[in-house]
Amino acid sequence: MTRFTAGTEASAVITASREEVWALLEDPDAIAEMTPFVKRITADGDHWTWELGGIEVLGKSVSPVFTERMDFDEPSRIEFTHDPPAGRTERSAVEGWYDLAEHDQGTLLRTSLEICLDLPLPRLSAKAVTATMKGVVAKMGDRFADNLLARLGAREV
């Protein structure tokens with residue numbers, strides 16, 4: 001197994017209140033519905049287990065499952081840290097945050113995430129795998145943003 005990593009950061013001002021944005025971001029069902037490739041998110045207190053499917057990486061189909069500890073600082077920040085249950089090894093992980101701030105036109109939403117996958121591919125394939133992962137992450141981010149705006153009835157300023 002080789003560990004591959006890709007990350008992204010984004011920010012946008014959207015025409016919705018911070019409370020409306022927060023309500024969606026703290027709802028695992030809403031996040032699952034808005035995020036491409038996410039089959040389901042199961043919440044158990046402050047731990048959310050994400051199940052993804054249908055992601056192709058160099059001819060290999062991967063369906064990552066990972067557990068995140070969710071730390072909520074309402075209404076301004078959500079941090080997520082990989083934290084699998086004791087005794088369970090997960091071959092994928094995500095670390096990151098959502099940051100929400102008041103803005104005169106709505107809410108400034110900033111995000112950051114880093115995805116790590118252990119794949120049965122040689123280290124020499126790192127450039128191709130990382131490029132593929134970045135493409136998938138970008139597609140997920142774009143579609144998540146579109147779905148978030150649609151659910152809020154908002155637009156990006």
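Atoms considered below: every heavy atom in the structure, side chains included; atoms not considered: hydrogens, waters and symmetry mates.
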Return the [atom1] to [atom2] distance between [X] and [Y], rounded to the nearest 0.5 Å.
{"X": "R123", "Y": "R3", "atom1": "CZ", "atom2": "CZ", "result": "11.0 Å"}
{"X": "T15", "Y": "L152", "atom1": "OG1", "atom2": "CG", "result": "8.5 Å"}
{"X": "E74", "Y": "W22", "atom1": "CD", "atom2": "CH2", "result": "5.5 Å"}
{"X": "D44", "Y": "T67", "atom1": "CG", "atom2": "OG1", "result": "9.5 Å"}

*Give a yes-or-no answer on whether the side chains of T42 and T49 include a donor-acceptor pair shorter than 3.5 Å.*
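Short answer, no.
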Minimum side-chain heavy-atom gap [X]-[Y] below 4.5 Å:
{"X": "L121", "Y": "V129", "value": "yes"}
{"X": "P64", "Y": "I55", "value": "yes"}
{"X": "H47", "Y": "D83", "value": "yes"}
{"X": "L52", "Y": "T35", "value": "no"}
{"X": "I14", "Y": "V157", "value": "no"}
{"X": "F80", "Y": "Y98", "value": "yes"}

Could you tell me which non-hydrogen atom of [X] sits nearest to which non-hydrogen atom of [Y], and how far apart they are?
{"X": "I31", "Y": "I41", "value": "CG2-CD1, 3.6 Å"}
{"X": "P122", "Y": "T2", "value": "C-OG1, 4.0 Å"}
{"X": "T5", "Y": "C116", "value": "OG1-SG, 3.4 Å"}
{"X": "R18", "Y": "S76", "value": "NH1-CB, 3.9 Å"}
{"X": "K134", "Y": "A6", "value": "CG-CB, 3.9 Å"}

Identify whether the distance between the nearest side-chain nitrogen and carboxylate oxygen of [X] and [Y] falls below 4.0 Å.
{"X": "R88", "Y": "E90", "answer": "yes"}
{"X": "E51", "Y": "K39", "answer": "no"}
{"X": "D99", "Y": "R110", "answer": "yes"}

[X] side chain to [Y] backbone, donor-acceptor under 3.5 Å:
{"X": "S17", "Y": "E20", "answer": "yes"}
{"X": "S92", "Y": "V65", "answer": "yes"}
{"X": "T132", "Y": "A128", "answer": "yes"}
{"X": "E79", "Y": "M70", "answer": "no"}
{"X": "T107", "Y": "A16", "answer": "yes"}
{"X": "E68", "Y": "W48", "answer": "no"}
{"X": "E26", "Y": "A23", "answer": "no"}
{"X": "T130", "Y": "K127", "answer": "no"}
{"X": "S112", "Y": "W97", "answer": "no"}

*Just grab all the side-chain hydrogen bond (donor to acceptor under 3.5 Å, both in side chains) pairs involving residues 142-156, residues at least two apart or on different chains.*
E33-R151
Linking I/L/V/M/F/W/Y whenever any side-chain heavy atoms sit under 4.5 Å apart, do [X] and [Y] land together?
{"X": "L113", "Y": "L108", "result": "no"}
{"X": "L149", "Y": "L109", "result": "yes"}
{"X": "L117", "Y": "F37", "result": "yes"}

*Please name all residues satisfying side chain to side chain contact (heavy atoms under 4.5 Å, CB included) with D29, sequence neighbours left out, ordered by chain then number.*
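D29: side chain to side chain contact (heavy atoms under 4.5 Å, CB included) contacts with D27.
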_Apply side chain to side chain contact (heavy atoms under 4.5 Å, CB included) to residues D73 and I78 and explain how you reach the verdict._
CA-CA 6 Å; D73 182 12; I78 301 171; over 6 Å; no
_Does the plane of the ring in F66 sit parallel, tilted or perpendicular to the ring in W50? Use 30° and 60° as the thresholds._
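Parallel, since the angle between the ring planes stays under 30°.
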*asked:* Test of understanding: with side chain to side chain donor-acceptor pair (under 3.5 Å), list the residues that count as partners of D71, not counting sequence neighbours.
replied: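 Testing D71 for side chain to side chain donor-acceptor pair (under 3.5 Å), a comparison that skips the adjacent residues, returns R69.
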